[in-house]
Amino acid sequence: MKLNLRIWRQKSADTPGAMTTYEVDGISSDMSFLEMLDTLNEDLILRGEEPVAFDHDCREGICGACSLVINGDAHGPERTTTCQLHMRSFRDGDTIDVEPWRAAAFPVVKDLVVDRSAFDRIIQAGGYISAPTGSAPDAHATPVPKPDADFAFEHAECIGCGACVAACPNGSAMLFTSAKVNHLNVLPQGAPERETRVLDMVRAMDDEGFGGCTLTGECATACPKGIPLPSIAAMNKEWLRATRKVRR
Amino acid sequence: MALGTRTDRQPSVIRLFWRSTVGKKTVMALSGLIMLGYLVAHMLGNLKIFFGADEFNGYAQWLRTMGEPVLHYSWALWLLRVLLLLAVVGHGVAAYQLSRRDIAARPDKYVHRRRRASYATRTMRWGGIILALFIVWHLLDLTTLTVNENAQSGRAYENVVATFSTWYGNVIYIVAMLAVGLHVRHGFWSAAQTLGMGNATRERILRTAADALALVLTAGFLSVPVAVMTGVVS
Ligand code: SF4
Ligand code: FES
């Protein structure tokens, strides 16, 4: 396959960027999108040009590092991570636009790489349980009803990729935050911090400059892990409950 | 092993609500539901116009004597007006502040644009502005009678007929009522999510209820100008 790529190039956080056009040839439909970019970068290095910077790590859809907006869609046309997107989703001769996540809270570091440490600070505000960790406890030591376990697991699937923020017209982190809050709040292990967790994480989210939720639903459509939109309603419920319950 | 202990005091509930995006959305949801309840009652009251001038004007008069003798003449109406004013102001201020924040949170647009979200969702802000302007016009037209062609106080029926006998009266009203429908369609469902009432099983019911409310309100409100234009009410 031969492709026309239009890629966002930006030297550093404080230099202006622009879309730059590249041609790549010899792309197999079995390649992943990132392998296609590797091919481009090999060409660029051989030509003595600066390779395109992009984030990636596991390349198996579990770490959440890869982050590209492809033709206007976070992670591209399939509902998966960019590393799991294959070139068979495109056709020979296609023009493909590749841009970084766009949000005030995710400033561009270089080219397609953005700084997502705002998510880490939301996690630090409450995405943990205060319990002694040591050797793993017996699996049945703390009984968890099956529906709660399923609910927690569904939300634990969030890999913190930030596609929800990238897709949201308000740059809101509500889906991510709700996934993290719901995951721990429904479990007995998360119960001691149930109220402070949601209050602190929502506050950290607001402090980072993410937008508010207008329930556009773009986040849930873009999420590679299928975190559902009603998760946001579930977190709102937890937040309202916490404002009544929290000890002052 | 040291556990984190919280020694900082939590802010007051009101500050907590107003400082948080989730809290401000709650203010919008509650004020929106108050206004929605009022709209339903208002629309039903409007339909009395189909029973003639006497019944409609009598109903308008009852709105003033409502609550008597416990309340003084028109007190109930004024209490309602104060509540509605609070709802409109709370809704508007929260919407303005949240919108500014949302726009600031996404300063750079994507070069590759594509259509996002449904029409009702995308028109919430403009729809809200149209509705705010309409409320001003509507009050000047049928409450204070400042801009009404007939402008006889106590003769609500004749004033309504006068409004809908002008082309601009009809155009302004019809545009505003379509905006109401769109606003309620996304607004009602959103309010339910914000108040934490949404979940996977209730999703269909809430969506259907939002559509039905929007449709019934728009149709009910529009039936009045249509009736005047076609001569059913004159
Ligand atoms: S909610 Fe989905 S889109 Fe958002 S960070 Fe988690 S996995 Fe990514
Ligand atoms: S590189 Fe880890 S999820 Fe894509």
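Numbers restart at 1 for each chain; the letters A, B, ... are given by sequence-line order, proteins then strands.
Of the atoms belonging to B:Thr194, heavy atoms from both backbone and side chain fall under 4.5 Å from chain A. For B:Arg100, no part lies near chain A; criterion is any non-hydrogen pair under 4.5 Å. Contact annotation for B:Lys24: neither backbone nor side-chain heavy atoms come within less than 4.5 Å of a heavy atom of chain A. Of the two parts of A:Arg241, neither the backbone nor the side chain holds a non-hydrogen atom closer than 4.5 Å to a non-hydrogen atom of chain B. Heavy atoms of B:Thr121 lying under 4.5 Å from chain A belong exclusively to its side chain. No part of B:Arg202 comes within reach of chain A, as not one of its non-hydrogen atoms sits under 4.5 angstrom from that chain.
Here the shortest heavy-atom pairing between A:Arg102 and B:Lys109 reads NE-O, 4.2 Å. Between B:Arg101 and A:Met205, the closest heavy-atom pair is NH2-O, 4.4 Å. Of all the heavy atoms in B:Ala105 and A:Gly209, the pair that sits closest is CB-O, 3.4 Å.
To the nearest 0.5 angstrom, B:Arg125 atom CZ is 6.5 Å from A:Thr214 atom OG1. The CG atom of A:Leu215 lies 5.5 Å from the NZ atom of B:Lys25; values are rounded to the nearest 0.5 Å. The CG atom of B:Asn199 lies 9.0 Å from the CZ atom of A:Phe151; values are rounded to the nearest 0.5 Å.
For the set B:Ile103, B:Asp108, B:Leu195, B:Val111, the count of heavy-atom pairs under 4.5 angstrom toward chain A peaks at B:Val111. Taking chain A as the reference chain and counting heavy-atom pairs below 4.5 Å, the highest number among B:Ser99, B:Ala104, B:Pro107 is found for B:Pro107. When the candidates A:Ala103, A:Gly212, A:Pro100 are compared by the number of heavy-atom contacts under 4.5 Å with chain B, A:Gly212 comes out ahead. Comparing B:Met197, B:Met124, B:Arg113, B:His186 by how many heavy-atom pairs each has under 4.5 Å with chain A, the most go to B:His186. Counting heavy-atom pairs under 4.5 Å between each of A:Val202, A:Val165, A:Asp73, A:Ile70 and chain B puts A:Asp73 at the top.
Within 6.0 Å of CG in B:Leu85 there are more than 12 heavy atoms belonging to other residues, nucleotides or ligands. No more than 12 heavy-atom neighbours from other residues, nucleotides or ligands sit within 6.0 angstrom of NZ on A:Lys146. The environment of B:Arg15 atom CZ is sparse: at most 12 non-hydrogen atoms of other residues, nucleotides or ligands sit within 6.0 angstrom. Shown here is A:Arg197, whose CZ atom has more than 12 heavy atoms of other residues, nucleotides or ligands within 6.0 Å. In the displayed structure, A:Lys225 atom NZ is contacted under 6.0 Å by more than 12 heavy atoms of other residues, nucleotides or ligands. B:Phe50 CZ: more than 12 foreign heavy atoms inside a 6.0 Å radius.
With hydrogens and angles ignored, the 3.5 Å screen pairs no side-chain donor or acceptor of B:Arg106 with any backbone N or O of A:Gly211. Side-chain atoms of B:Gln193 never come within 3.5 Å of backbone atoms of A:Pro230 as a donor-acceptor pair (strictly under, hydrogens ignored).
With a 4.5 Å cut-off on side-chain heavy atoms, B:Tyr110 and A:Asn71 do not count as touching. Side-chain contact between B:Arg19 and A:Arg203 is present, with at least one heavy-atom pair separated by less than 4.5 Å. Here the side chains of A:Leu199 and B:Leu16 are in contact, with some heavy-atom distance below 4.5 Å.
Using modelled atom types, one finds a donor on one side chain and an acceptor on the other under 3.5 Å when comparing B:Thr21 with A:Asp206.
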